[in-house]
Structures are given as structure tokens and as C-alpha cells.
Amino acid sequence: MKGIVSRLPEKPGSYQFYDDTHTIIYVGKAKNLKSRVSSYFHTEVDRFKTKVLVSKIMDISYTVVNTEEDALLLENSLIKKYNPRYNVLLKDGKTYPSICVTNEYLPRIFKTRTINKKWGTYYGPYSHIGSMYAVLDLIKELYHPRTCQQPLTKEGVESGRYKVCLDYHINKCMGPCVNKQSWDDYQRNIAQSREILKGNTRQVQRELKEEMQRLSEELRFEEAEEVKRKYMALDNFVSKSEVVSHTINNVDVFSITSDEKMAFINYIHVSNGSINQSFTIEYKKKLNETDDELLQLGIIELRERFKSEAREIIVPTEVDVELDGVTFTIPQRGDKKTLLELSIMNGKQYKFDRLKQAEKLNPEQKQVRLMKELQEKLHLPKLPYKIECFDNSNISGSDAVAACVVFKKMKPSKSDYKRYNIKTVVGPDDYASMKEVVHRRYSRLIEEEQPLPDLIVADGGKGQMEVIRQVIQDELNLDIPIAGLAKDDRHRTNELLYGFPPMKVALKVNSELFHVLTQLQDEVHRFAITFHREKRSKRALHSELDNIPGIGPKTRDALLNGLKSVRRIQEADADKLATIIGPAKAAIVYSHFHPAEENTEVIEPVVS
């Protein structure tokens with residue numbers, strides 16, 4: 001389970017827990033799948049229900065979506081389909097609310113959690129209550145449907161049986177119960193309300209625009225202005241979901257993601273406006289099969305496995321297969337295009353997870369993949385098994401040092417790191433320091449017949465690359481590829497350079513390869529800075545006591561511990577020094593700080 005959880009994506013979605021019989025026992029939702037699922041396996045979890053659930057988990061699957069709202073909708077539909085044992089909070093009959101349009105003579109529009117199709121048409125469910133109320137408020141603002149619960153009939157309206165209520169007087173109802181609003185006009189408003197609930201806002205806008213133009217031509221400007229108000233209100237309204245669309249029902253969605261060896265086919269089934277199936281299978285290529293051939297196999301196998309009878313199949317490209325009564329659609333925009341993109345995203349995520357799983361079992365597989373990727377990016381003659389990187393460090397030219405770090409198979413090889421004191425350069429000249437160190441490094445490797453690197457990386461841009469090239473190619477006549485890692489104005493690495501003249505290599509800054517290269521750069525910078533600090537600290541700690549012949553580190557430390565400073569040692573008399581380090585060494589220290597007294601001759605008076 002730990003391995004599965006570590007590979008989960010940090011994206012919104014729904015996750016499913018399985019027991020030892022591979023039965024779904026729990027369905028959950030998450031804004032961040034990895035964070036949410038990993039929380040079940042923390043040692044500090046003390047809820048009894050959670051401990052029992054975790055003890056029965058034998059496998060985990062998940063479906064990635066684009067938003068947290070979509071994760072809620074997906075979780076709801078999966079719970080209804082599989083009725084998992086441990087989803088206790090969703091067994092009490094509660095569900096997400098829907099909007100009902102009744103079948104009455106003068107239909108009402110309201111929210112409900114009770115679904116009874118005999119009473120009307122239901123739209124939803126809505127996982128986000130705010131979105132549902134936004135739809136209801138828009139419909140009330142545009143069309144003023146009645147809110148009273150009286151069982152109005154045609155005969156009652158015609159006979160004048162009813163009276164207007166408060167809503168009529170405050171302009172929230174047009175009074176259809178007393179024929180203040182005609183039945184035809186009321187039904188037209190209800191029809192447009194249905195289209196809005198389905199998500200067909202463009203169609204309603206088109207009808208409103210046509211009506212507005214007609215009223216304007218008839219010089220009925222006040223009525224045209226009212227229609228324009230509705231049109232503008234509808235134009236500013238958005239209420240459609242990326243996963244759930246009321247216009248899509250009983251549809252299969254297929255996509256394929258492949259590489260040289262494997263193909264991954266994702267299947268999503270949409271029923272009654274929501275996803276209730278999501279599954280990915282993989283094929284191992286044996287005869288270089290095309291994506292079209294493998295997608296055909298996947299469509300047949302998955303539809304048979306899940307007993308799908310959908311009459312429409314959404315696919316990314318044309319498929320050379322015919323199914324009786326089935327239409328293949330290649331969407332270019334809209335909700336169906338969104339569903340196809342969602343399927344492709346799930347397929348890619350599954351492929352990524354499988355790759356991570358394989359690399360975790362065999363770490364060398366990842367290293368070889370990254371080396372091949374770098375070889376292809378730079379067009380290197382062979383895999384960059386050994387990479388070396390250089391960096392300088394100094395403060396205004398003082399304590400100048402340099403460092404060389406070595407990566408083997410895309411990992412640090414710390415036993416091969418080298419540190420250099422700059423010997424021939426005076427002052428803060430990074431280019432000259434780099435030239436000295438590179439020449440010393442590779443002339444020695446040649447002399448000792450040691451293996452040379454497959455790639456040299458400069459911690460810098462074109463200037464550092466040119467200095468290294470002068471040494472490697474012009475002076476030592478070596479053929480070693482040279483790359484550079486340049487930084488932006490914020491001192492952040494933002495591009496990989498290669499070639500002469502250096503050219504920028506296309507590489508995503510969030511890719512694994514880029515992370516390895518920045519790790520190489522950070523490592524050489526750390527190693528050089530550490531060496532520089534050590535050298536600077538040793539110089540700062542050097543005291544006058546170190547210049548006294550015959551006084552070693554132990555004696556020096558004893559004096560400093562006893563008298564706390566060089567100044568106090570200098571001012572102390574010989575007796576005081578002797579109590580700390582003995583008379584012999586005390587005499588040496590005292591004479592070092594008081595040479596004048598030693599050289600003064602004492603002249604005694606002559607007694608006659």
C-alpha cells in the first residue's frame with residue numbers, strides 16, 4: 001500500500017479501496033489524491049472506523065478529474081453504483097440536491113433531494129449548493145415561475161377560483177393563476193428554463209436575441225429592453241460542469257497513450273450526465289502495432305467487459321471499425337471534447353504511475369531513461385554515464401577555491417569530488433580560475449590514464465563554456481561535449497545551453513531531467529562554498545600564538561582557555577603563564593611578547 005500511495009498524483013479525483021476479493025469497500029473524493037489517501041495510513045490515526053477500513057484495504061484505484069467539484073460528482077455516482085460497505089455517511093438516503101420542473105398545468109421549479117420521475121423532470125445532481133442556487137436565482141430573475149404549492153388546474157384558472165399572492169404584488173410572479181400571464185407565455189418561459197438547466201444557454205440566448213429584434217422592428221421598445229435585460233443576465237451566467245453535462249447520456253469515451261513498448265487505453269462511460277465507469281488497460285507491443293489497431297482491440301474488449309450498450313463512442317482519431325448502431329465522434333469543442341481530454345489525462349497518469357512503479361523496483365531503469373533523454377536532447381555520441389561540473393568561490397579574490405563534482409548514472413559520486421586551491425590567479429577572476437582548474441583536472445587525468453567524463457557542465461552561461469572549450473579543445477586536444485546551465489536575473493537556473501556557439505536546448509523546467517541538472521548545479525555550488533568557508537575559517541582562527549616556535553596547538557588552546565584572549569596572554573607575567581603551561585613554555589611565550597626585556601643589559605654600579 002505504501003508504494004501505491006507514494007505514486008498517487010497530487011490532483012483532484014476519486015479513489016476506491018478494494019478488499020481481498022477485489023470488491024470496492026470505500027469510495028472517497030479528494031482535492032489532492034496523494035495527500036488525502038496517505039492520511040489513512042498515518043500512525044496517529046485513532047478513529048476506530050478508519051483503523052478497521054485500513055486493515056481491510058488490499059488495493060487502491062483512482063480516477064483523476066479537473067476540479068474538486070467534479071471529484072464530488074464522480075464520488076456520488078460511484079457510491080450509488082457500487083454501494084461500498086464503509087461509506088456509512090452516504091447510506092442514510094441523503095444525496096446531492098437536484099432541480100425539479102414539475103409536470104403540473106403551471107409547472108413549478110424548485111430544489112429537491114427526493115427523486116420521483118412521476119412528478120416531473122429532474123436536473124442535476126448539484127454537488128456545489130452555490131451553483132444550484134445560482135441557477136435557480138437566474139431562472140427566477142428571468143422568468144418569475146410561481147412558487148406557491150397550490151394544485152392549480154386549467155379549470156380553476158378559467159373559472160377564477162384562485163387569487164394572487166404576495167409574490168405577485170412584489171413582482172416575483174406574473175400571476176398566471178388569474179390569467180395576468182397567459183398560459184402560452186408561461187410555458188415558453190418554462191421551456192427556456194429547461195434549456196438553461198440542460199446547459200443549452202446559447203440556444204436560449206439565440207431565441208432571446210431573435211425576440212428582441214422582432215420587438216424592436218415592431219417599435220415595442222420597452223418590451224425589447226426587458227428582453228435585452230434577460231439576454232445580458234444570461235450572457236454573464238455560467239453553470240456547466242466539465243464532467244457532468246445534462247446533454248450527454250449513455251456515451252463511451254476511449255483514448256490511447258502509447259510509447260515504443262506499451263499502449264494504455266482509458267475507458268470512461270457517461271450515463272445520465274455523470275461518469276460511472278473509468279478503467280485503463282495496457283497492451284505490450286510485440287509487432288509494432290499502430291495506435292489505431294490497439295484502440296480497436298481496446299474498444300471491443302472494454303465494451304464487452306463492462307457490458308456497454310452505448311450508441312455513441314467518443315474517440316481522439318478516426319477508428320477503422322464499425323459497430324452495429326454505434327456512432328463514432330471526434331469532438332472539436334464543448335463538453336464531449338472536455339470528456340475526451342479527461343480520458344487522455346487519465347491514460348497518461350496511468351502510464352506515468354506504471355513507469356514510476358517499474359523504476360522503483362529497478363532504480364537503474366530511471367537512470368538509463370534520463371541518460372537517454374539527455375543524450376537525445378544534446379545529440380551526444382554516447383550515453384552521458386559520467387558528468388562533471390565545475391564552480392568557483394571567493395570573496396573579492398581572497399581565499400579563492402574551486403570545486404568539481406562528479407555524477408555517475410545521474411547520481412552524485414561523492415568519492416570522486418575534487419577541491420582546488422587557486423594558485424596562479426590573483427584577484428577575483430572567475431574565468432582565469434576556471435581555466436586553471438579545468439587544465440589541472442584533465443591534464444592530470446590524462447597523465448594518470450584515468451577515464452575522462454562523457455559530458456562537462458559549466459555552472460554558468462556562454463563565458464564559462466568558452467573558457468572550458470579553450471582548455472579542452474585548444475590546449476589539451478580532447479573531444480568532450482560541453483554544456484552550460486544559465487541563470488536568469490533572479491539567479492534561478494532557467495535554460496540549458498549546448499554547442500558552439502551555444503544554443504538553448506528545449507527542456508521543460510519541471511521535467512525530471514531538468515531537476516537532475518539543477519541538482520548537479522546545486523551540488524557543485526554547495527561543495528565549492530563549503531570548501532571556501534572552511535578555508536576562510538582556518539585563516540580567521542589563526543592567531544599570534546601559532547607563530548611562536550615551540551608552541552603547539554595544545555599549548556595554544558590551554559592558554560586561550562585559561563586567559564580567554566591573546567591580549568591577556570601578552571599582558572600576563574611569566575609566573576602567571578607558568579601556572580597554566582609550566583615554566584619552560586611560559587618563558588618561551590613571555591620572551592616572544594617581551595623581546596625588549598630580554599635584550600636589555602643590566603649595568604651594576606662599581607663599588608670602590
Worksheet entry | Derivation and outcome, salt bridge (Lys or Arg N to Asp or Glu O under 4.0 Å), residues R369 and E512 | CA-CA 10 Å; R369 174 174 61 84; E512 287 186 277; 2.8 Å; yes
Worksheet, complete the sentence: When rounded to the nearest 0.5 Å, the distance separating OH of Y133 from NZ of K140 is 8.5 Å
Practice prompt. Could I get the full list of ring pair (Phe, Tyr, Trp, His ring centres under 6.0 Å) partners for F17, not counting sequence neighbours?
Written response: Y15, Y26, Y40
Practice prompt. Report yes if some heavy atom in the side chain of F41 is under 4.5 Å from a heavy atom in the side chain of V54; otherwise report no.
Written response: yes
Worksheet entry | Heavy-atom closest pair, residues M410 and Q367 | CG-O, 3.9 Å
Practice prompt. Would you mind checking if K336 and E312 are paired as a salt bridge, meaning a charged N to carboxylate O distance below 4.0 Å?
Written response: yes
Fill in: Residues D167, R146: salt bridge by 4.0 Å N-O rule
no
Discussion item. Walk me through whether N346 and T63 qualify under side-chain hydrogen bond (donor to acceptor under 3.5 Å, both in side chains).
Written reply: CA-CA 7 Å; N346 275 277; T63 300; 4.8 Å; no
Discussion item. V227 and side-chain contact (heavy atoms from CB on, under 4.5 Å): which single residue from R214, Q213, R220, E211 fits?
Written reply: E211
Discussion item. Using 0.5 Å steps for rounding, measure from the CZ atom of R161 to the CG atom of L152.
Written reply: 9.5 Å
Discussion item. Using only atom types and a distance under 3.5 Å, with no angle test, would you say the side chain of Y162 pairs donor to acceptor with the backbone of T153?
Written reply: yes
Worksheet item: Could you go step by step and tell me if E10 and L33 meet the side-chain contact (heavy atoms from CB on, under 4.5 Å) rule?
Response: CA-CA 6 Å; E10 297 182 358; L33 282 168; over 6 Å; no
Worksheet entry | For the student: nearest non-hydrogen atoms of L136 and I109, plus distance | CD2-CG2, 4.0 Å
Practice prompt. Heavy atoms only: give me the nearest S6-K34 pair and the separation to one decimal.
Written response: O-NZ, 3.3 Å
Worksheet item: Short question: side chain of S159, backbone of G156 - any donor-acceptor pair under 3.5 Å?
Response: yes
Worksheet item: Between L295 and P316, which heavy-atom pair has the shortest distance, and what is it?
Response: CD2-CD, 4.4 Å
Practice prompt. For the pair K351 and E282, find out whether any cationic side-chain nitrogen is under 4.0 Å from an anionic carboxylate oxygen.
Written response: no
Discussion item. Can you tell me how far apart CG (L370) and CG (L383) are? Round to the nearest 0.5 Å.
Written reply: 11.5 Å
Item to complete: For salt bridge (Lys or Arg N to Asp or Glu O under 4.0 Å), just list the numbers for E376 and K372, CA-CA rounded to whole Å, side-chain angles, deciding distance to a tenth of an Å, and then say yes or no.
Response: CA-CA 6 Å; E376 293 174 358; K372 286 184 177 179; over 6 Å; no
Worksheet item: Counting N and O atoms only, with roles assigned by atom type, does the side chain of S14 sit under 3.5 Å from a partner on the main chain of G28, one being a donor and the other an acceptor?
Response: yes
Fill in: Under-4.0 Å salt bridge between D185 and R188
yes
Practice prompt. Answer yes or no: is there a donor N or O on one side and an acceptor on the other, between the side chain of T280 and the main chain of Y350, under 3.5 Å?
Written response: no
